[in-house]
Structures are given as C-alpha cells and as structure tokens.
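First comes the structure, then the notes that go with it.
In what follows, every chain begins at residue 1, and chains take the letters A, B, ... in the order their sequences are listed. Computed over heavy atoms, backbone and side chain alike; hydrogens, waters and symmetry mates excluded.
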Amino acid sequence: MSKLLPVRGTHDLIGENFRLQNHVIKSARFVAEIFGYEPIETPIFESTDVYQRTLGETSDIVNKEMYTFKDKGGDSLTLRPEGTAGIARAVISGGLQDNTPLKWYYSGPMFRHERPQKGRLRQFHQFGAELIGVADPVADIEVISMATEFLRDLDLLSEVKLQLNTLGDLQSRKTYRETLINYLSDYKDELSEESQIRLTRNPLRILDSKDINDKKIISGAPSFHNFLTPEADLFFKNMCSGLEDLGIEYSSNPYLVRGLDYYCHTTFEFISDKLGAQGTLLAGGRYDGLIPMMGGQSIPGVGWAAGIERICMLIQKPIEEPRAICVIGLGKLGEQEAAKIALKLRQSKFKTELIYKGGLKRGLRRANKIGAVAAILIGENELTNNIVTVRNLDNGSQTEVGFSELDSHLAIYDSATLITD
RNA sequence: GUGGCUGUAGCUCAGUUGGUUAGAGCGCCUGAUUGUGGUUCAGGAGGCCGUGGGUUCAAAUCCCAUCAGCCACCCCA
C-alpha cells in the first residue's frame, strides 16, 4: 500500500474517466456554440474579496469551504469555488459593461473544502454559461433551453427533472422574509437545530430543509408566490409560458432556494434521483444584483453551471473512440521501416500505434489489447519484396500490399480509425 | 465540522469458534508456437492482512488509538 495518495477529495483523471469528461465538455461546448455563446476562461484563483463580497456572508462556501491563502506579497487569494463571480469580475475588469449582451461559456476546475462523498469532491469540474445584460425573461428561457439541449444531446433528458422557482425581486424577498420569520418563530422550538440557526442567518433556506419535522412546519408556511410584487410575478409567469412554448417540461418547486446570495427571480435545477444525496447536476438562476454589488454598473445576468462529474455518473454507455492501426516491425531494418510507415499513417490521420520492441507475438498481443482494427507487419519477407502484410485483427485475414497502395488499402478501415477532430 | 460502515495481491473479493507455509477470480509475465493476437492448456511473479500499540503460548481474526476510503448530515454542481 503506497502512502503517496492524492489529497482528500481530489483524484487523478485517467483513461475512460477522462475521455468521458472530455466527451461531456465537448457536448456542452458544441451546444453553447450553436446558441451563439463564446468561450471565456478566467483565472483559477482570484482576490478573496471577489468571492467574499458576492457569495454572501452567510453562505457556507464563504464561511468554511474556501481554499484561501496568502501569496508572497501578502494578498489574500482564493481558489475559485464557483464560476460566476469571476466572470462578473471579468466584465468589470475588461471594461465590457457597454458591450452587452455578453454570452459566455466556460469550463474548468472548482475548489471547495467540503467533506467528500458521492458526487462531491474538493476539486471538481463545472461547465457553465452566462448571459449578461438582458433583463427580460427571454434570457432566462434561452439559458434554460440551452441546458435542456445539452442534456438532450447526452441522452439524459429522460433521467432528469427540471425544477423551477422564483425568488422575486428585492422588494418581494424582503416582505416575504419578514412574514416567514414571523410564522416560523411560533415553531422555533420544534425546528431542527440547524434550522433554528438559519432562522436568524438565512431563513429562506429553511424552506428546502430535509428534516421531516421542518418540512411539516414549512408546509403550513405562507407561500412566497403570494408575496411577489406584480412585476416579479409577471416576470415569472412570462418565463414559465416561454418555456412551455418551447416544449420544455418543468415542475414548480416553491421550496427551491439557491444557496448563493446573488440570486434573484429565476432559480432552477436539473435533478436526478440516481446520484445519491447530491441530486443536482445542473443549476442556475438570475443574478441581477451581482455586478452592481461588485461595484459595476447595474447590469443583469442569468446563467447556470453543471457538475461534470455528476453528469458523468449518469452516463452508462462507453464513449466510442477511433481504433488504432498497429505497425509492427521485425528486426532492425523492419523497425526502421515501421517507424516510417507509422509516420505516414499518422500524417494521413489514422490513429496509429507503433510497437516499440519485442517479437511478432508480443506485438500482436499488444495490438489486440488496445483493440486495434489491423496490424501492419514488416519483416524480412516484406522488406525484400517491397510490400507490407496487413492483418485484419477482427477476422485474421491477411493481405500483402505494396508500399504505394497502403493508404488506399487502409481506406476500408477509415470509419473506425480516422481521427477527425 | 458531526455521525455510520469499511481497510487482506495491480483490481474485485474469500478467509469458518483466534491455531502452523494467507487463498480465489481477473490482470501481468513465461512457455506450448524462434513470423502470427484474441480461445485453450501448463507454469511463474506479486502480500509488514492500512499504521501503531495492547490482550494471548499463538492475532488478518479480539481490544484501543490513529490514518485513509466510502456513505450520510450540513452545504452544493
């Protein structure tokens, strides 16, 4: 047993797992490009206050989950725990506030110091999309529609459910917050320990408590939707009907409360029941207050982020990769020729595996192990006759082919072996 | 940060009420085939039984501690 292990909550991404993640990210990029979004990459760490100011003083992310450190100049820096705050910072830093709408997508690692469990890591990957500068619900609709198409392309739409809620505008939230505290105070002693703390810090979050008793109390609570200002109510209704027009199925969950402070109006989550306790695989909402909160102009935004690892957990079928052609040279001259042929194949974009050493048997065994479609054999016979032997590894048939006809002969394997992107 | 479960070969796991050289399957290596893979057969390598302490004539097995992993709470993608 080695003592050299990856840091808790991190792991190495190798082979199939890596390919699967790449596949998911590739699908997401593809959809984002189709929707007219542009790629952006912000740094993996930011000044600590980028997150501290925006995520909310009461959020757990700020309170206990951030990887914060001082650099050699004494500045407090933080490994990004999520993507949106950094994007908002980039809007301001880049002087892009007059260039709206900004339509961006990003992907990369995020860091949170949490206790790892199923679907929860300390370094994990997100893909996200942001639409900045559009106050109308068309933006919310587009962004949700994009998430839907992303999941459809991955064949996951039947596995997930879309839940929607509105947090209203500031006015709505303020009124409701008071009403809720009023209501819950009567039950204060019956609430779970955690919810009693939430009551003073962030009462809205009691709404999505998992505690059975809390749920009972909440079911009698006044409904948020009755406290929406007419504007907020209209916003939500317009968005819902827009989703319906696009044939997007959703259910309304009045208890869906996002954890981060900058959300307002729309919140949504795509949820699966196959992921254990961490059922949310893609979530987002509207954050009109974020950029002004950071000192920028009053620019609205909507967006979402998807947990790549969580999405990967739902994908069962293996990713199809091109199969290789193996080039096996025998003897010194054979090996030299093999290297030349391998390069030619590679220049023709065939996935090519050059066998470095060992005899024919070893070479073929390796070819079989990596699932190659064919092996090209170059030994004494071939060298003296200026040919190569092409062995079809699926049926064992062999063909002798002249050097010049090799490319055209291999065309029969094109669909299996060519690397196209 | 709190709780529950689990640590035996590269991987997945057996290991009876403590008892002598700790096993299997898969994988790996060699050979049956010195120019022919996948199947088969024969053989081989690989273990401080997570770590440290304790009980005992004797510990993979019982006790304590510690570390790690998983799952859950919390929170979130």
Which is true for [X] with a 4.0 Å heavy-atom rule: it touches a base, it touches only sugar-phosphate, or it touches nothing?
{"X": "A:I378", "result": "nothing"}
{"X": "A:I308", "result": "nothing"}
{"X": "A:A305", "result": "sugar-phosphate"}
{"X": "A:L281", "result": "sugar-phosphate"}
{"X": "A:G363", "result": "nothing"}
{"X": "A:D208", "result": "nothing"}
{"X": "A:R365", "result": "sugar-phosphate"}
{"X": "A:E269", "result": "nothing"}
{"X": "A:G359", "result": "nothing"}

Could you check how far [atom1] of [X] sits from [atom2] of [N], rounded to whole Å?
{"X": "A:E65", "N": "B:G1", "atom1": "CD", "atom2": "P", "answer": "12 Å"}
{"X": "A:R366", "N": "B:C28", "atom1": "CZ", "atom2": "C1'", "answer": "13 Å"}
{"X": "A:R80", "N": "B:C76", "atom1": "CZ", "atom2": "C1'", "answer": "17 Å"}
{"X": "A:H125", "N": "B:C76", "atom1": "NE2", "atom2": "C1'", "answer": "17 Å"}
{"X": "A:Y51", "N": "B:C76", "atom1": "OH", "atom2": "C1'", "answer": "16 Å"}
{"X": "A:I212", "N": "B:C73", "atom1": "CD1", "atom2": "P", "answer": "12 Å"}
{"X": "A:L256", "N": "B:C75", "atom1": "CG", "atom2": "C1'", "answer": "14 Å"}
{"X": "A:L154", "N": "B:A77", "atom1": "CG", "atom2": "P", "answer": "19 Å"}

Span that lies between the [atom1] atom of [M] and that of [N], in whole angstrom:
{"N": "B:G15", "M": "B:U6", "atom1": "P", "value": "13 Å"}
{"N": "B:C13", "M": "B:U8", "atom1": "P", "value": "9 Å"}
{"N": "B:A65", "M": "B:U55", "atom1": "C1'", "value": "15 Å"}

Please compare A:R198 and A:V7 by the position of their nearest nucleotide in RNA chain B and report the one closer to 5'.
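Result of the comparison: A:V7.
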Angle class for the A:F236/A:H225 ring planes (parallel below 30°, perpendicular above 60°, tilted otherwise)?
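Judged by the thresholds at 30° and 60°, the geometry between A:F236 and A:H225 is perpendicular.
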Classify the ring geometry between A:Y183 and A:Y187 as parallel (under 30°), tilted (30 to 60°) or perpendicular (over 60°).
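Tilted.
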Minimum-distance nucleotide to [X] side chain [options: [options]]:
{"X": "A:Q278", "options": "B:C74, B:G37, B:G35", "value": "B:C74"}
{"X": "A:Q398", "options": "B:A77, B:C71, B:U36", "value": "B:U36"}
{"X": "A:Q126", "options": "B:G35, B:G37, B:A77", "value": "B:A77"}
{"X": "A:L364", "options": "B:U36, B:C76, B:G1", "value": "B:U36"}
{"X": "A:R112", "options": "B:G35, B:A77, B:C75", "value": "B:A77"}
{"X": "A:K118", "options": "B:G37, B:C71, B:A77", "value": "B:C71"}
{"X": "A:F124", "options": "B:A77, B:U33, B:U30", "value": "B:A77"}

Taking side chain as C-beta onward, heavy atoms only, is A:V388 less than 4.5 Å from A:L406?
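The answer is yes, as the side chains (C-beta and beyond) meet within the 4.5 Å cut-off.
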Would you say A:Y105 and A:E33 make side-chain contact, with heavy atoms under 4.5 Å?
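Counting from C-beta outward, A:Y105 and A:E33 do come under 4.5 Å.
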N/O donor-acceptor pair, side chain [X] with base [N], under 3.5 angstrom:
{"X": "A:N368", "N": "B:G38", "answer": "no"}
{"X": "A:R205", "N": "B:C76", "answer": "no"}
{"X": "A:R115", "N": "B:U2", "answer": "yes"}
{"X": "A:E114", "N": "B:C74", "answer": "no"}

Return the pairing partner of [N] with a 3.5 Å limit on both distances, Watson-Crick or G-U wobble; otherwise return none.
{"N": "B:U30", "result": "B:A42"}
{"N": "B:G25", "result": "B:C11"}
{"N": "B:A72", "result": "B:U2"}
{"N": "B:A60", "result": "none"}

Is it true that, when you exclude A:F30 itself, more than 12 heavy atoms of the residues, nucleotides or ligands shown sit nearer than 6.0 Å to its CZ?
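For A:F30, atom CZ is not crowded (no more than 12 foreign heavy atoms under 6.0 Å).
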Counting only side-chain nitrogens and oxygens, does [X] get under 4.0 Å of the OP1 or OP2 atom of [N]?
{"X": "A:Q117", "N": "B:C73", "result": "yes"}
{"X": "A:R8", "N": "B:A68", "result": "yes"}
{"X": "A:R362", "N": "B:U30", "result": "yes"}
{"X": "A:K210", "N": "B:C73", "result": "yes"}

Distance alone, cut at 3.5 Å: any donor-acceptor contact between the side chains of A:Y250 and A:E244?
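Result is yes, a qualifying pair exists.
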Check ion pair A:K274-A:E159 (N to O, under 4.0 angstrom):
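Counted as a salt bridge, because a side-chain N and a carboxylate O are separated by less than 4.0 Å.
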Among A:I248, A:N253, A:L243, which residue satisfies the side-chain contact (heavy atoms from CB on, under 4.5 Å) criterion with A:L164?
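For A:L164, the side-chain contact (heavy atoms from CB on, under 4.5 Å) check succeeds only for A:L243.
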